[in-house]
Amino acid sequence: MRGKWAEGIQPRNFNWVVAERLAVCERPGGYGASHRRVRRQEEIIWLRRNGFDMVVSLIAAPHNLHNYDELSLPYLHRPWPVLDDMAEYLQRVHNDLARLASERKRVVLHKERVGEDVCGFMASYLLLSGKVPTGPQATAITERIFGQRVGPEGRRVVDVALGILADRKAEG
């Protein structure tokens with residue numbers, strides 16, 4: 001019989017956005033001073049053992065991405081933009097998520113922590129994927145999922161998504 005640690009541990013702030021298909025969590029192993037190598041390994045093991053096909057990392061630096069390779073868990077690195085165009089970024093990453101969804105992949109997305117930017121990003125996903133029709137509904141749903149307010153930075157991301165939808169509607 002294998003020890004309980006062979007099963008790994010669930011990443012912190014793990015939440016399903018689309019049941020059994022798309023989840024969000026804190027960076028495996030934690031972030032900042034609380035980051036622990038052993039915890040990172042245990043959380044990646046948990047993701048793999050729970051059937052995740054892909055990790056989408058939004059962290060800026062490529063630190064620790066090699067751990068996904070070492071533990072045979074595919075990943076996409078899509079660093080959160082600092083100065084880049086948010087509309088272009090949203091469309092690129094949402095296209096990745098749409099492709100993974102069409103392939104029926106089980107995906108977990110993470111940034112260092114699950115903050116208002118990630119909540120806003122997931123609200124934009126709900127809008128751009130057509131799962132939710134309005135910005136207020138998408139924002140309210142993500143606030144319920146994550147148990148936190150979507151603040152100004154997150155609402156800015158939602159506004160960008162609404163602009164993308166307006167452009168799509170104007171084009172045709």
Side-chain angles (χ1 to χ4, degrees), residues 1-81 89-90 92-129 131-132 138-151 153-154 157:
M1 179 167 223
R2 301 175 78 168
K4 72 176 189 173
W5 297 114
E7 299 299 314
I9 56 174
Q10 180 174 304
R12 290 186 183 166
N13 296 310
F14 179 90
N15 285 289
W16 288 105
V17 176
V18 177
E20 302 299 321
R21 284 285 149 220
L22 177 62
V24 171
C25 67
E26 181 179 288
R27 173 186 171 194
Y31 67 98
S34 70
H35 185 82
R36 300 289 179 266
R37 183 182 61 80
V38 171
R39 188 177 123 207
R40 179 181 64 233
Q41 183 176 12
E42 291 170 344
E43 291 178 358
I44 294 171
I45 288 168
W46 185 90
L47 291 169
R48 193 182 64 209
R49 293 197 49 87
N50 281 275
F52 284 90
D53 301 301
M54 181 68 66
V55 173
V56 178
S57 175
L58 304 183
I59 63 173
H63 304 310
N64 303 318
L65 293 176
H66 66 278
N67 295 113
Y68 298 123
D69 288 328
E70 291 169 3
L71 293 169
S72 301
L73 185 58
Y75 68 88
L76 294 175
H77 185 219
R78 300 295 184 252
W80 191 261
Y89 177 78
L90 287 180
R92 177 180 178 213
V93 180
H94 288 292
N95 286 342
D96 289 334
L97 294 175
R99 177 183 51 80
L100 292 166
S102 73
E103 295 170 359
R104 311 264 319 136
K105 300 288 186 185
R106 197 170 195 191
V107 177
V108 64
L109 179 138
H110 75 79
K111 202 166 177 238
E112 288 89 349
R113 60 184 191 82
V114 178
E116 69 175 85
D117 51 352
V118 172
C119 294
F121 179 86
M122 294 318 302
S124 75
Y125 171 77
L126 294 174
L127 283 166
L128 294 174
S129 66
K131 295 183 185 321
V132 176
T139 300
I141 288 168
T142 55
E143 287 177 340
R144 275 195 308 269
I145 289 170
F146 297 109
Q148 63 178 287
R149 186 176 163 276
V150 177
E153 187 177 346
V157 176

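Heavy atoms only: backbone and side chains are in, while hydrogens, waters and symmetry mates are out. What you see is a predicted model, and the numbers here were worked out from it, not measured in a lab.
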With the threshold set at 4.0 Å, does a side-chain nitrogen-carboxylate oxygen contact exist between Glu20 and Arg106?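 Result for this pair is yes, salt bridge flagged.
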
Verdict with reasoning, His66 to Asn64, per side chain to side chain contact (heavy atoms under 4.5 Å, CB included): CA-CA 5 Å; His66 66 278; Asn64 303 318; 4.3 Å; yes

Spacing of [atom1] belonging to [X] relative to [atom2] belonging to [Y], to within rounding of 0.5 Å:
X      : Y      : atom1 : atom2 : result
Arg27  : Glu43  : CZ    : CD    : 10.5 Å
Leu90  : Asn95  : CG    : CG    : 10.5 Å
Thr139 : Leu127 : OG1   : CG    : 7.0 Å
Leu47  : Asp53  : CG    : CG    : 11.5 Å
Leu126 : Phe121 : CG    : CZ    : 10.5 Å
Arg113 : Glu26  : CZ    : CD    : 9.5 Å

Any chance CZ of Arg104 has more than 12 other-residue heavy atoms, nucleotides or ligands included, within less than 6.0 Å?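 Counting other residues, nucleotides and ligands, CZ of Arg104 stays at 12 neighbours or fewer.
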
Nearest non-hydrogen partners of [X] and [Y], listed with the distance:
X     : Y      : answer
Ala60 : Pro79  : O-CB, 3.7 Å
His94 : Leu128 : CD2-CD1, 3.3 Å
Arg99 : Leu76  : NH2-CD1, 3.9 Å
Ile59 : His77  : O-NE2, 2.8 Å
Phe14 : Val108 : CE1-CG2, 4.4 Å
Ile9  : Trp46  : O-CB, 3.1 Å

If we ignore hydrogens and angles and just use 3.5 Å, is the side chain of [X] paired with the main-chain N or O of [Y] as donor and acceptor?
X      : Y      : answer
Glu116 : Glu153 : yes
His110 : Ala23  : no
Arg48  : Leu71  : yes
Gln148 : Val114 : yes

Worked check of side chain to side chain contact (heavy atoms under 4.5 Å, CB included) between Val38 and Gln41: CA-CA 5 Å; Val38 171; Gln41 183 176 12; 5.5 Å; no

Could you check whether any side-chain heavy atom of Leu109 comes within less than 4.5 Å of a side-chain heavy atom of Tyr125, counting everything from C-beta outward?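 Heavy-atom side-chain distance check fails, nothing below 4.5 Å.
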
Report yes if the side chains of Arg12 and Arg39 come closer than 4.5 Å at any heavy-atom pair, otherwise no. yes

Would you check, one step at a time, whether the test side chain to side chain contact (heavy atoms under 4.5 Å, CB included) holds for Ile145 with Met122? CA-CA 10 Å; Ile145 289 170; Met122 294 318 302; over 6 Å; no

Could you check Leu65 against Ser57 for side chain to side chain contact (heavy atoms under 4.5 Å, CB included), going step by step and ending with a plain yes or no? CA-CA 8 Å; Leu65 293 176; Ser57 175; 3.9 Å; yes

Kindly assign one of parallel, tilted or perpendicular to the pair Tyr75 and Tyr68, based on the angle between their ring planes and the thresholds 30° and 60°. tilted

Under the rule for side chain to side chain donor-acceptor pair (under 3.5 Å), what residues qualify as partners of Asp96, not counting sequence neighbours? Arg78

Give me each pair satisfying salt bridge (Lys or Arg N to Asp or Glu O under 4.0 Å) with a member in residues 57-66, each pair once, sequence neighbours excluded.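 Qualifying pairs: none.
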
Exactly one of Asn67, Leu73, Ile44 clears side-chain contact (heavy atoms from CB on, under 4.5 Å) with Val55, and that residue is Leu73

